[in-house]
Amino acid sequence: MPELREGGCRGRALKDQVVWVDRVATWRRDGRSRQAVQENGVKRPALVLNRFLECVGETEGLIGEEAGERRMGDNDSGGRSANKLPRGEDEGCTPSLPEKVQIGNSPVYKIERKLGKGGFGQVCLGRRISATNAKDRISGISAVEVALKFEHRNSKGCHHGPPSEWQVYNTLSGIHGVPRVHYKGRQGDYYVMVMDMLGPSLWDIWNNNSHTMSTDMVACIAIEAISILENMHSKGYVHGDVKPENFLLGPPGTHDEKRLFLVDLGLATKWKDASTGQHVVYDQRPDIFRGTVRYASVHAHLGRIGSRRDDLESLAYTLVFLLRGRLPWQGLQGENKGFLVCKKKMATAPIALCYFCPLPFRLFLEYVVNLKFDEEPNYAKYISLFDGIVGPNPEIRPLNTDGAQKLIYQVGQKRGRLSMEGEDEQPKKRVRMGTPATQWISVYNARRPMKQRYHYNVTDLRIAQHIEKGNEDGLFISCVSSSSNLWALIMDAGTGFTSQVYELSQSFLHKEWILEQWEKNYYISALAGTNNCSSFVVMSKGTQYTQQSYKVSDSFPFKWITKKWREGFYVTSMATAGARWAVVMSRTAGFSNQVVELDFLYPSEGIHWRWDSGHRITATAATPDQAAIVLSVPRRNLADETQETLRTSAFPTQHVKEKWAKNLYMSSVCYGRTVS
Ligand SMILES: Nc1ncnc2c1ncn2[C@@H]1O[C@H](COP(=O)(O)OP(=O)(O)OP(=O)(O)O)[C@@H](O)[C@H]1O
C-alpha cells in the first residue's frame, strides 16, 4: 500500500484552536463495486477546436456586475418590492384608469380617489353606484366602499394572464387578517380586483406620528401579525414581502378600525405542496431576489427558496423599525446595495439590533433567525413572549388581538399547557448565532488508498522546491489555497494528470500565461489567490475537460455561472484574492448537476440539504465576507460517496492524518469567512 502521508509545514507551527466537523457523511454503498471512478481517465476527443474560450473579468467593466443584475427595490421612504418594476410615477388614478368599474355581474363602482400605489398596482377607492345582486347581498359583499386594485395587462406580472396574486387570494381571501376579494376580472387594459376597503398602513401611522410608535402598540402588532402569518402559513403560503406598508388597519370609524390586515400577496409562494403536504425542496439561486431590501430575510437576499422563517424574520425587522424608527442598514447605497445590506444584517447581532427594545423583541428575533428552512415555527410561543408587554386584558389593547388569543387557546388545548421557555424543546444548533471567524475549510473524500502530501505556510520562494520533490515522487498538485499571503499545497498520486505546469503571478489572474498553456492543451486544475492579489495557477494535462473558461469579478459571479451551466460548463475550480473571485468552468467535467451555496457564514444547512439530494462538494472558496461552496452530482456513481468537511482556525495538520487513516483524502481547501 503506498503510504507517503507527510506533513510539510515549513513555516511557524500554528496551534489548532477550533475544529468544527460539519458532518461525517456515510454514504458507503456497500455491496457495490468499489472500483474507483476514474474521473480523470475519461478519454478526451483527439482534437477539440474552439477549446479556448474567453477568460473574462480582468477589466473594470465587470466590477459590480452581479449586483447590477439584481432588481433591488429599496428606497429610503419605505421600500419597494423587487420583482415589481415601477412604471411612471404619475400613473396613480390618472385618466388612463376607467372612471367606472364593473366586473362580470358585479355592481358598478365609481373610482373616487387613489388609496395607494405599489410597484405594480394602483389601488383606488371605489364607490358602489348600483344595486348589489341578491346572491352577493346574501354572501355579504355589498359594501358601498371598496378598494379596487388595478394592474395593467402589460405590467411585468401580467404577461401570462392575471396577476399571480389572484390565485393566492383564491385560497386566502377572507381568512383571518386577509381582506376579502369580492370580484376579479379584466376591464379594458386592466386586471381589476375588488376587495375590502381598509384603512391606513402601519407605515402611514408611524409616519404621521413623527416616526414613532408606542411599545404597547408594536407589541400588539407583533402578537396579531404572528397569528396572521400562522394562518397564512397554515394554508400553505408564505407572504414573501412582510413590511410596514403591507400591514393595514381596518377603515377608521368602523368596527374593524383596530384590526390588522396583511395585504399584497403578489410575492406569496407555496412552502408546502397542497396535495402531498410535503415541504418545498430547498434551493438557493444567489442571483434571484424577491422582496423588499430593507425588511428581507437574509435567506431571501441570498436567493434561497422562501419558507415560513423568512416572513417571521421580516416581521422582526418590521417591529424593530416601528419601535426604533430606523434599521442599521438604511442608507447603504451603491450598485451592490443588496450585498451591503445583507452583510450588515448578518453582522448585526440581535442584541445590538434590539438594544433599545424590550427583551421580547430580541428573543423573537433570535428565535426566528435561527429557524431552519423547513422548521415549523412555534407561533404560540412567540406570541406569548409579548404578553408581558401588552397586559392581560385584551379589551384595552390598542389593537385587536383576537386572532392571537384564538391561536394560543387552540395550542393550549392541544398541548394541555403552553411551553413558555421552550422547556420541552431539544436544544438546537443555532443557525445564525456564533462569532464570525476566518477559518480553513477543508473537504475530504473517500478514495482508494493513495499518496497525498500537504504543505502550508509556504512562501513564494519555497513553492518550486516542494513541487519538484512531489513530481519526483509521482505526485501532482490537486489543490492549492492561501492564507496570510502564504500558500497551501496538496499533492497526490490520484489526480490522473500526465503533466503539469504552474505559475505564480502578481496578477489575479494572468491571462496571457493561461492562454499560452491552453494552446498547449493544459487546463486549469487548481488556483488560489492572496490578499495582495497575486495568484498561483496550476494547469494540467490528462484532465477530461474539453473546453474551459474563467471569470474574475468583484462579486460572486453567479449570473455568469448560470449562463455557462446552460452551455454545458461546470465549475471546476475557484479562488479568491481579497474580496475578488475567480471561477473556472469546464466542459465535460464529469458532473450531471451542480449548485452553489453562498453565504456570509459557513452554509452548513445548505450543504446538508444538498448532500441529502446527492450532491458532493467539488470546489470551495471564501473571501473575508463570504464562503462559496460548489456541490456537484457526479455523472458516474461513486463507489464510496463519503465526504467530510472540517473548519479549523489553523491548517488541519493533525486532522488530515486522521482522515488518511480512514482513507479520506483532502479534495478541496480554502481559507475565509465562517462562523465559530
Ligand atoms: N384593500 C385596501 N384598502 C385600502 N388601501 C389599500 C388596500 N390594498 C392596498 N392598499 C393601499 O395600496 C398600497 C399598494 O397596494 P399593494 O401593496 O397591494 O400594491 P403592490 O403594487 O402590489 O405594492 P408593492 O409594490 O408594495 O408590492 C398599499 O400600501 C396600501 O396603501
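Start at 1 and go down the list; that is how both ligands and their atoms are numbered. Atom set for the values below is all heavy atoms of this structure, side chains included, hydrogens, waters and symmetry mates excluded.
For ligand 1, the atoms closer than 4.0 angstrom to any heavy atom of Glu245 are 29 (O). For ligand 1 and Asn246, the ligand atoms under 4.0 Å from any heavy atom of the residue are 17 (O). For ligand 1, the atoms lying closer than 4.0 Å to a non-hydrogen atom of Ala147 are 1 (N), 2 (C), 3 (N). Of all atoms in ligand 1, listed by their number and element, those nearer than 4.0 Å to a heavy atom of Leu248 are 2 (C), 4 (C), 5 (N), 6 (C), 7 (C), 10 (N).
The shortest N/O to N/O separation between Pro179 and ligand 1 does not fall below 3.5 Å. At under 3.5 Å, a nitrogen or oxygen of Asp264, whether backbone or side chain, sits near a nitrogen or oxygen of ligand 1. Checked against a 3.5 angstrom limit, the closest N/O atoms of Gly121 and ligand 1 fall inside it.
Using a 4.0 Å cut-off between heavy atoms, Leu267 makes no contact with ligand 1 at all.
Residue pairs satisfying the ring pair (Phe, Tyr, Trp, His ring centres under 6.0 Å) criterion with at least one member in residues 377-400, sequence neighbours excluded, are listed as follows: His233-Tyr379, Phe361-Phe386, Phe364-Tyr382, Phe364-Phe386, Tyr367-Tyr382.
Using a distance-only test at 3.5 Å, with no hydrogens or angles considered, no donor-acceptor pair links the side chain of Arg294 to the main chain of Lys243. Using a distance-only test at 3.5 Å, with no hydrogens or angles considered, no donor-acceptor pair links the side chain of Arg326 to the main chain of Pro328. At distances below 3.5 Å, not a single donor-acceptor pair connects side-chain atoms of Arg127 with backbone N or O atoms of Lys110.
Every residue was checked against the salt bridge (Lys or Arg N to Asp or Glu O under 4.0 Å) condition with Asp310, not counting sequence neighbours, and none meets it.
Heavy-atom separations between Lys243 and ligand 1 include at least one value shorter than 4.0 Å.
For the pair Arg128 and Tyr109, the cation does not sit on the ring face, since its NZ or CZ is not both under 6.0 Å from the ring centre and inside 45° of the axis.
Remark: among candidates Arg180, Glu145, Lys149, the nearest residue to atom 18 (O) of ligand 1 is Lys149, based on non-hydrogen atoms. In this structure, of Val181, Thr292, Asp196, Val263, the residue bringing a heavy atom nearest to atom 1 (N) of ligand 1 is Asp196.
Summarising the local packing, CD of Gln167 is surrounded by 12 or fewer heavy atoms from other residues, nucleotides or ligands at distances under 6.0 Å.
Closest approach of Tyr190 to Ser96, counting heavy atoms only: OH-OG, 3.4 Å.
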